[in-house]
Amino acid sequence: MADKAGSFFRQGAWMVMATLLGGVGMTFVHTFLNARLSFDQYSQFKSLLGIFYILGAPQTGIWTLFAQQTAMAVTPEQVGAVGRAARQTALAIGVLMGLVAIYILFRGETLARDLKLEGVSALWATWGLMLATLWLAICRGILQGKQDFFTFGWVSILDGLGRAGGIVFVVLLFHAHAAGAIVGALIGNLAALALGGWALLPILSRPGSSPNWRKWLGVLVPLTLIGAALQTLSQLDLIFLRGIIPQGRIDEFDLGQRYAPAQTLGFALTQFTVPLALVMFPKVARSRATSEKSNALQLTLLTTAVLGGVAALAMTILPWLPVKILFPRADSAVASLLVPWFGWAMLAFTLANVLISNLLAHGRYRVVVGAAVVSLLYVMAINWNGDRILALGPDLGLKRVVVIIGVSNVLLLAVAAWFSRAALKENAPLQSGSDSR
């Protein structure tokens, strides 16, 4: 049966509201830290978040895998297998993160110097946040897959508002900088993990047969690769800039004022529209398992285009307004120069994400290769332009970075559209529940 538009939009509206409430907390974090820390310390915080998102790319694969498998679990035995897989995956994550801890123990000081961080404590805080987030990805995936959007939404709210409260507490009480802010974010993440784990106890504790790990890993690998590609496209830029700008020109480029606010607003646009894709994914995966038709893709794509387009247009017409509201200490005339560019660049990214999510929900993983190629081209382009960015100076050089991001995201959208069109030509429309590839 085709998804009812009313049900879709009710669930979508709740997820948008939940994400916005969580986003209020996330946004407050950036406003608070931008006002509390020096611009360079704030830039360090943004760089640590970038490291977290890129190295935490497996969370996307884990989240999506459990959402897909839970949505397709139509018998008690299959649900039990999901619960057992969740326990085994959580244990494996703990072991792998233990190996990462050993690396930080021996190489952390060098890595901190290369990234121009104040100390290795920032890396340890990021490690803790990454571990908690990977575990939370299991909970998010199961909640999404069983379409428990009520709890899923509250997890998002607690994650955002809990992070805000934790960061304010740690920074004010201990006069902490970037590392302390990451610790505060970890506090909120742990609160969301506690809520998600408690809500899923009936599934997580349910006995079941061990899943076919060969099959599951065959799905997890492409999902992780696509997660890494998307995170690279959305998070590498600030890490790259902090790496290439010489210490003597840090103040000239002033990334905390000239670049980070616009990047934050562009990322906020993706968070404003992504909830619709979260609602779409389990509906499409469920339709695949039950061979029923779904119109979730059309509803999601249209709504994302409208909402994202309005947001990008507002960022173009009044680019200074969100800067003044969210980053009052920054010079809005300087900080708003890149806002329109980020708005349209990230709109292309969100539309591509909808198409890619639809393909993944149907088990069509060939798009992963295309996204990986786009990501690689982006990395090559941004590295090849490193000297030119420095030569052009802060205004034109930073704009060149955003243009590269925008072109890469448009190319990603074109790749996602091409694979979607190619799938439709295989006489197995993506709106149906067919699993042919």
* **Identified side-chain contact (heavy atoms from CB on, under 4.5 Å) partner of Leu223 from the options Leu65, Thr60, Ile62** => Leu65
* **Side-chain heavy atoms of Leu96 within contact of Val100, under 4.5 Å** => no
* To do: To the nearest 0.5 angstrom, please state how far the CD1 atom of Ile104 sits from the OG atom of Ser121.
  => 11.5 Å
* Asked: Can you check whether Ser420 reaches Leu359 side chain to side chain, under 4.5 Å on heavy atoms?
  -> yes
* Asked: Which atom names give the shortest non-hydrogen contact between Phe240 and Ile382, and what distance separates them?
  -> CZ-O, 2.9 Å
* To do: Please step through side-chain contact (heavy atoms from CB on, under 4.5 Å) for the pair Leu230 and Phe349, ending with a clear verdict.
  => CA-CA 9 Å; Leu230 296 179; Phe349 182 86; 4.0 Å; yes
* List the steps and the verdict of side-chain contact (heavy atoms from CB on, under 4.5 Å) for Leu360 and Ile356. => CA-CA 6 Å; Leu360 297 179; Ile356 290 172; 3.9 Å; yes
* **Gln88 side chain to Ala85 backbone, donor-acceptor under 3.5 Å** => no
* To do: Would you give the length of the straight line joining atom CD of Gln263 to atom CG of Leu238, rounded to the nearest 0.5 angstrom?
  => 5.0 Å
* Quick one: does Val401's side chain get under 4.5 Å of Leu338's, heavy atoms only? -> no
* Hey, is the main chain of Phe267 close enough, under 3.5 Å, to the side chain of Thr270 for a donor-acceptor pair? -> yes
* Asked: So do Val323 and Pro319 actually touch side chain to side chain, heavy atoms under 4.5 Å?
  -> no
* To do: Taking Asn385 for its side chain and Ala381 for its backbone only, find out whether a donor-acceptor pair lies under 3.5 Å.
  => yes
* Asked: Nearest heavy-atom pair of Ala181 and Leu33: which atoms, and what distance?
  -> CB-CD1, 3.7 Å
* Kindly check if the number of other-residue, nucleotide or ligand heavy atoms within 6.0 Å of CZ (Arg87) is above 12? => yes
* To do: Starting at CE of Met346, measure out to CE of Met315 and round the result to the nearest 0.5 Å.
  => 9.5 Å
* Asked: Can you check whether Leu347's main-chain N or O pairs, donor with acceptor, with Thr350's side chain at less than 3.5 Å?
  -> yes
* Heavy-atom distance under 4.5 Å between the side chains of Ile142 and Leu204, does that happen here? -> yes
* **Shortest non-hydrogen contact between Gln144 and Trp63, atoms and distance** => OE1-NE1, 2.7 Å
* Asked: So do the side chains of Asn353 and Leu412 get within less than 4.5 Å of each other, counting heavy atoms only?
  -> no
* Structure fact -> To the nearest 0.5 Å, atom CG of Asn358 lies from atom CD of Gln298 at 8.5 Å
* Asked: Any idea which heavy atoms bring Ala132 and Leu190 closest together, and the distance?
  -> CB-CD2, 3.9 Å
* Structure fact -> Interatomic distance, CD1@Ile404 vs CG@Leu377, rounded to 0.5 Å, equals 12.0 Å
* Hey, is CH2 on Trp344 packed in by over 12 heavy atoms from elsewhere, all under 6.0 Å? -> yes
* To do: Return the set of residues passing salt bridge (Lys or Arg N to Asp or Glu O under 4.0 Å) with Asp159 (not counting sequence neighbours), or none when no residue passes.
  => Arg140, Arg163
* Asked: Do the side chain of Ser336 and the main chain of Val339 share a donor and acceptor less than 3.5 angstrom apart?
  -> no
* Asked: Tell me, do Leu200 and Lys146 make a side-chain contact under 4.5 Å, heavy atoms counted?
  -> yes
* Asked: Are Tyr378 and Leu411 close enough, and set up right, to give a side-chain contact (heavy atoms from CB on, under 4.5 Å), and what steps lead you there?
  -> CA-CA 10 Å; Tyr378 165 69; Leu411 181 58; over 6 Å; no
* Show your working on side-chain contact (heavy atoms from CB on, under 4.5 Å) between Leu355 and Leu413 and close with a plain yes or no. => CA-CA 8 Å; Leu355 294 176; Leu413 176 58; 4.1 Å; yes
* Asked: Between Leu158 and Ala191, which heavy-atom pair has the shortest distance, and what is it?
  -> CD2-O, 3.2 Å
* Structure fact -> Rounding to 0.5 Å, atoms CG (Leu321) and CG (Leu326) come to a distance of 9.0 Å
* Determine whether the side chains of Asp237 and Tyr259 contain a donor N or O and an acceptor N or O closer than 3.5 Å. => yes
* Within a strict 4.5 Å, meaning less than it, do heavy atoms of the Leu131 and Ile93 side chains meet? -> yes
* **Closest heavy-atom pair and its distance - Ala199, Pro202** => O-CD, 3.8 Å
* Please indicate whether Trp127 has more than 12 foreign heavy atoms, meaning atoms of other residues, nucleotides or ligands, lying under 6.0 Å from its CH2. => yes
* To do: Could you tell me whether the side chain of Ser375 and the main chain of Ala371 form a donor-acceptor pair under 3.5 Å?
  => no
